[in-house]
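The figures here come from the full heavy-atom set of this structure, side chains too, leaving out hydrogens, waters and symmetry mates.
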Amino acid sequence: MPEPIHSPEPVHSPDRQVPGTRLPEAPRPLKKRRGPLEAVRYWWGRLLHNLPQKALALLLAASVWFIATQDRRANIQQIYEVALDVRDTTGGREKRAVSGLNPASVRVTLSGSRQRLGALSASDVQAYVDVTDLPDGDFSRTVRIVGPDGTNSVRVTPTVAQGRIDAELSRTQPVTLSVGAAPGNSVPRYLLSPRQVTVRGPDRLVSAVERVITVPVSLAQGQQLETRLIALDAQGAPVNVTLSPASVTLTRVDLGSLPVRSVPVALAAPPSGLKVTASSITPANVRLIGPADALARITSVGAALSYRPGTYSAQPVLKLPDGVRSLDQVRVQVTVTGP
């Protein structure tokens, strides 16, 4: 019998991989942990690596930042018109007030960054004179400035302020209404609230106040508004005092238009023994308002005058029915002869 043929067993080469088989992975070498000294040497080497290029890049970045922010870091100057205040912490029971402060405001120059000064307004700056413990009377004091943080006060113009210190006085004053002329066919009526105000200020100024009036206004029927008040002296000039409240509520409460009729004025006859030789009535016709039926019955208005010999001007008394009023004031110029 023939001998069986045996196929040789496959020989595996370490450099060749038979399809369908996977070579075992070689074990990875363990990383050696660096000691503290080796870590310092490693990072020091990284720091010094390309050191000239790194230094140049840092220098360029700093230069760009410096140039880009130069405007914001540069100091500039700006002028503010600041209202001048008066500070008085003098003790005592009597209150004091300052009048005639001159100037009322000062020009303050501040320096600082453009960004800081651009965010400020005049109300952020304080300008004042301190009159604490000064006696009553005229004074002259140096103006002091308190600027916001991040700014410096460069100058103030003017540097000195004058005024007068007086004892403070307050009193109650009625309010006088001041309104524009209403149409001829209406009789306006108004309500004021409040009708009295408190006048407060230096003694000599409060004593000079003759009256307190409303700012002249014109109101339509039923209209209401808030109007300011003005303190006036005997010559009609404004007086610089504090009014509390500083305004009042004005309301027009009439019914609006009323019937109106224009009729001539007739001068009453003089008493026996006197004779009117010349007369002139101004105006010759007056406008009357009142109930429509009463006006319809009126054809003229009698003007009663107290006669006496001579030439003179007088305001007569108009004879009007009940409920009827004249919108005009009448003046009469007469020449009267007699015994």
Side-chain angles (χ1 to χ4, degrees), residues 75-92 94-171 173 175 197-209 212-217 225-233 235-248:
N75 279 351
I76 63 171
Q77 293 185 1
Q78 189 160 320
I79 299 176
Y80 300 87
E81 190 75 20
V82 182
L84 189 59
D85 190 20
V86 177
R87 297 185 181 181
D88 186 4
T89 58
T90 304
E94 185 181 70
K95 291 185 177 181
R96 308 199 305 173
V98 172
S99 62
L101 185 63
N102 183 32
S105 62
V106 293
R107 295 170 63 87
V108 180
T109 303
L110 298 181
S111 68
S113 67
R114 186 183 304 274
Q115 184 178 10
R116 180 63 175 130
L117 294 184
L120 298 179
S121 63
S123 60
D124 299 317
V125 186
Q126 300 179 37
Y128 69 94
V129 289
D130 194 339
V131 298
T132 301
D133 294 332
L134 289 182
D136 291 358
D138 297 332
F139 69 86
S140 179
R141 301 291 282 177
T142 300
V143 177
R144 300 181 184 180
I145 302 299
V146 179
D149 294 338
T151 65
N152 292 314
S153 176
V154 177
R155 71 182 64 89
V156 56
T157 306
T159 59
V160 176
Q162 296 84 29
R164 181 178 178 83
I165 303 173
D166 290 299
E168 185 177 84
L169 180 67
S170 65
R171 63 184 174 89
Q173 185 84 17
V175 177
V197 295
T198 300
V199 182
R200 181 179 296 105
D203 188 356
R204 63 188 183 89
L205 293 183
V206 173
S207 300
V209 175
V212 175
I213 68 170
T214 62
V215 173
V217 293
L225 57 77
E226 195 85 5
T227 179
R228 294 187 301 109
L229 299 174
I230 304 175
L232 302 177
D233 61 15
Q235 288 71 42
V239 183
N240 187 20
V241 292
T242 301
L243 301 177
S244 181
S247 62
V248 294

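The shortest heavy-atom contact between Pro245 and Leu229 is O-CD1, 3.6 Å. Listed here is the closest heavy atom pair of Val212 and Val209: CG2-CG1, 4.2 Å. Of all non-hydrogen atoms in Ser140 and Val160, the two that sit nearest each other are OG-CG1, 3.0 Å. Contact between Ile165 and Pro135 at its shortest, heavy atoms only, is CD1-O, 3.9 Å. The shortest heavy-atom contact between Val206 and Arg171 is O-NH2, 2.9 Å. Considering all non-hydrogen atoms of both residues, Val241 and Ala231 come closest at CG2-CB, 3.7 Å.
Every residue meeting the side-chain contact (heavy atoms from CB on, under 4.5 Å) condition with Pro148, not counting sequence neighbours, appears here in chain and number order: Leu110, Arg116, Leu120, Asp124, Val125, Thr151. Contacts of Ser123 classified as side-chain hydrogen bond (donor to acceptor under 3.5 Å, both in side chains), with partners at least two apart in sequence or in another chain: Ser121. Take Asp138 and apply the side-chain contact (heavy atoms from CB on, under 4.5 Å) test, not counting sequence neighbours, and it matches Arg164. Every residue was checked against the side-chain hydrogen bond (donor to acceptor under 3.5 Å, both in side chains) condition with Thr142, not counting sequence neighbours, and none meets it.
Applying the side-chain hydrogen bond (donor to acceptor under 3.5 Å, both in side chains) test to residues at least two apart or on different chains, the pairs with a partner in residues 198-207 are Ser99-Arg204, Asp166-Arg204, Asp203-Ser207. Listed by first and then second residue, the salt bridge (Lys or Arg N to Asp or Glu O under 4.0 Å) pairs that reach into residues 98-113 are Glu81-Arg107, sequence neighbours excluded.
Considering OG1 of Thr90 and CZ of Arg96, their distance stands at 4.0 Å, rounded to 0.5 Å. The distance from the CD1 atom of Ile76 to the OG atom of Ser113 is 7.5 Å, given to the nearest 0.5 Å. Expressed to the nearest 0.5 Å, how far OH of Tyr128 lies from CG of Asp88 amounts to 13.0 Å. Note that the CZ atom of Arg155 and the CD atom of Gln77 stand 5.5 Å from one another [nearest 0.5 Å]. Taken from CG in Asp233 to CG in Leu205, the straight-line distance is 10.0 Å, to the nearest 0.5 Å. Of the inter-residue distances, the one linking Asn102 atom CG with Gln162 atom CD reads 6.0 Å to the nearest 0.5 angstrom.
Side-chain polar atoms of Ser247 and Glu226 form a donor-acceptor pair below 3.5 angstrom.
For the pair Leu232/Val239, no side-chain contact is recorded, criterion being any heavy-atom separation below 4.5 Å from C-beta on. Side-chain contact between Val129 and Val86 is present, with at least one heavy-atom pair separated by less than 4.5 Å. The shortest side-chain heavy-atom distance between Ile79 and Val108 does not fall under the 4.5 Å cut-off.
Annotation for Asn240: atom CG does not count as buried by contact number, only 12 or fewer foreign heavy atoms lying within 6.0 Å.
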